[in-house]
**Q** 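Quick one: this structure, given as structure tokens, is what I'll be asking you about.
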There are 2 protein chains.
Amino acid sequence: MSDPHDREIQATGTVRPGGRTARTRAAVHDAVRELMTENGGEPPEIPEVAARAGVHPATVYRRWRTRESLVLDVAVSDVNVASPIPATGDLRADLLAYTRNLVETFDRPGGLAFVRALATAARDTRSGPERTQEILRPRLELFQRLLDASGTTELTPLDVVLLVLSPAYLGATFGMLQPVGEHAEQLVDNVLDVVAGRRARAAAREPRDG
Amino acid sequence: MSDPHDREIQATGTVRPGGRTARTRAAVHDAVRELMTENGGEPPEIPEVAARAGVHPATVYRRWRTRESLVLDVAVSDVNVASPIPATGDLRADLLAYTRNLVETFDRPGGLAFVRALATAARDTRSGPERTQEILRPRLELFQRLLDASGTTELTPLDVVLLVLSPAYLGATFGMLQPVGEHAEQLVDNVLDVVAGRRARAAAREPRDG
DNA sequence: ACCTTATCGCAACGAAAATTGCGTGAGGAC
DNA sequence: GTCCTCACGCAATTTTCGTTGCGATAAGGT
């Protein structure tokens, strides 16, 4: 996670994650976050980041190599912090809380950075899909726990992504979500409609329980 | 459309859209399409495009100025050709035909280029949202005609975008749509479930017709 | 066919990004 | 505290992008 690019493994195998290295890493990450919010979610240029972080550009080039991998590194570091996923057992309430949070996050400048960085990484033909799935897995598991909490068997985590996350994402990128609160509620309503529809179809196929 | 950047208007007002100019434009457009499909939908760099098109880089810089405006120009040129939107009156059939086409388009390398280019353009704070809406308007009107043909009053074109286009887009970017055909059918089923849900709620609010 | 001029190729230039070798200082194990 | 070495700062260098002036050629109207 801290070294996303192909780093030559040292013969001794010793790693040095603390002290100055950690400080530099934190400073660079903070600089990336700041510049990204200031610049509307656009991945900042390496020299700019280095100047903001008070670090020599060569250091950033050596450790992260490219803009994309740097932004992805920051985004992955934030994935566990941002957008908590509740699981109280009330499907509508849980989804609504998550979706509200998500829509508001996307609405803020730089809020799309994580998804965009992930999309950029996924486009990379080398370590693309595998790494993407690896990063997404914990989030999908949290979605699964949200669904399990309410006993919703009609939905998969992928459904939640496609019905909530993707419309919120595209809506935000195209500036189509004027009333943010209503938007979130509508997305959740859509999800519940899909659940109802699938449940009805399942009941029609198997009339006496299952 | 052919001159997306601020071109200084000549005093005489004469434009010269034919002959050599048209040839270079076509060559550059083809080069952009080729490189974009080869590179996974990534906007190619200007010198690369120029080399592929057999044109001097300065020419491309003069006419299009930046990668983004060049890609957007190509995308806008293709918007009327790609992804026809049927309107036979059968909502499910129309949506399915459109969605199948869309999913397949997105699945092809470079198929996401248009949406991505549009997203990049929308991110531009200057001419962002207005230009985006302007480009999207004809598509949204086609969606409206699709809905009108079947008398579906519960959906807006924006709903179609959020329920079909955005999941197809995000699914394609993250490589989450293994069985493409099933994916399209599932998206359409979701839309129909939403229609049913909204119709039921509307009937509940207004028991005796409306 | 001629004339005007928009557009292109060419090349030189400038600026900024990205790479690399080397010396030094900080981390971490003993 | 001592030693080893990883990571950083520094600076020189290479690479690449993007701009601009100028001459040549091709478009299009008369």
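Quick note on labels: first sequence line is chain A, next is B, and so on, each numbered from 1.
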**Q** Do B/Arg62 side-chain and C/dG9 base share a donor-acceptor contact under 3.5 Å?
**A** yes

**Q** Can you confirm whether the side chains of A/Gln186 and B/Asp159 place a donor and an acceptor under 3.5 Å from each other?
**A** yes

**Q** Distance check: side-chain N/O of B/Arg65 vs OP1/OP2 of D/dT19, anything under 4.0 Å?
**A** yes

**Q** Indicate whether any N or O donor in one side chain lies under 3.5 Å from an N or O acceptor in the other, for B/Asp73 and B/His29.
**A** yes

**Q** When you check the phosphate oxygens OP1 and OP2 of C/dC8, does a side-chain N or O of B/Arg63 lie under 4.0 Å from one of them?
**A** yes

**Q** Check whether any side-chain nitrogen or oxygen of B/Tyr61 sits under 4.0 Å from OP1 or OP2 of D/dT19, and answer yes or no.
**A** no

**Q** In terms of the nearest nucleotide of DNA chain D, which residue is placed more toward the 5' end: B/Gly19 or B/Ile46?
**A** B/Ile46

**Q** It should be established whether A/Arg23 places a side-chain nitrogen or oxygen under 4.0 Å from OP1 or OP2 of nucleotide C/dG27.
**A** yes

**Q** Assess whether atom CD of A/Glu38 is packed by more than 12 heavy atoms of other residues, nucleotides or ligands within 6.0 Å.
**A** yes

**Q** Taking 4.0 Å as the cut-off, does a side-chain nitrogen or oxygen of A/Thr21 come that near to OP1 or OP2 on D/dA7?
**A** no

**Q** Ignoring hydrogens and angles, answer whether the base of D/dG18 and the side-chain atoms of B/Arg67 contain a donor-acceptor pair closer than 3.5 Å.
**A** no

**Q** Whole Å only: how far is the CH2 atom of A/Trp64 from the C1' atom of D/dA7?
**A** 11 Å

**Q** Roughly, in whole Å, what's the span from CG in B/Leu70 to P in D/dC17?
**A** 14 Å

**Q** Please tell me whether B/Thr66 and B/Ser69 have a donor and an acceptor in their side chains that are separated by less than 3.5 angstrom.
**A** yes

**Q** So for atom CZ, which belongs to A/Arg145, do other residues, nucleotides or ligands contribute more than 12 heavy atoms lying within a distance under 6.0 Å?
**A** no

**Q** Taking atom P of D/dG21 as reference, at what distance in whole Å does atom NE2 of B/His56 sit?
**A** 16 Å

**Q** With DNA chain C as reference, determine whether A/Pro47 or A/Ala58 sits nearer its 5' end, using the nearest nucleotide of each.
**A** A/Pro47

**Q** Could you check whether B/Thr132 and B/Arg137, counting side-chain N and O atoms only, form a donor-acceptor pair closer than 3.5 Å?
**A** no

**Q** Do the side chains of B/Arg198 and A/Asp189 get close enough for a salt bridge, i.e. N-O under 4.0 angstrom?
**A** no

**Q** I want to check one thing: is the phosphate of C/dT24, taken as OP1 and OP2, less than 4.0 Å away from some side-chain N or O of A/Arg20?
**A** no

**Q** Angle, rounded to 10°, between the helical axes spanning five pairs at each terminus of the helix from C/dA1-D/dT30 to C/dC30-D/dG1?
**A** 50°

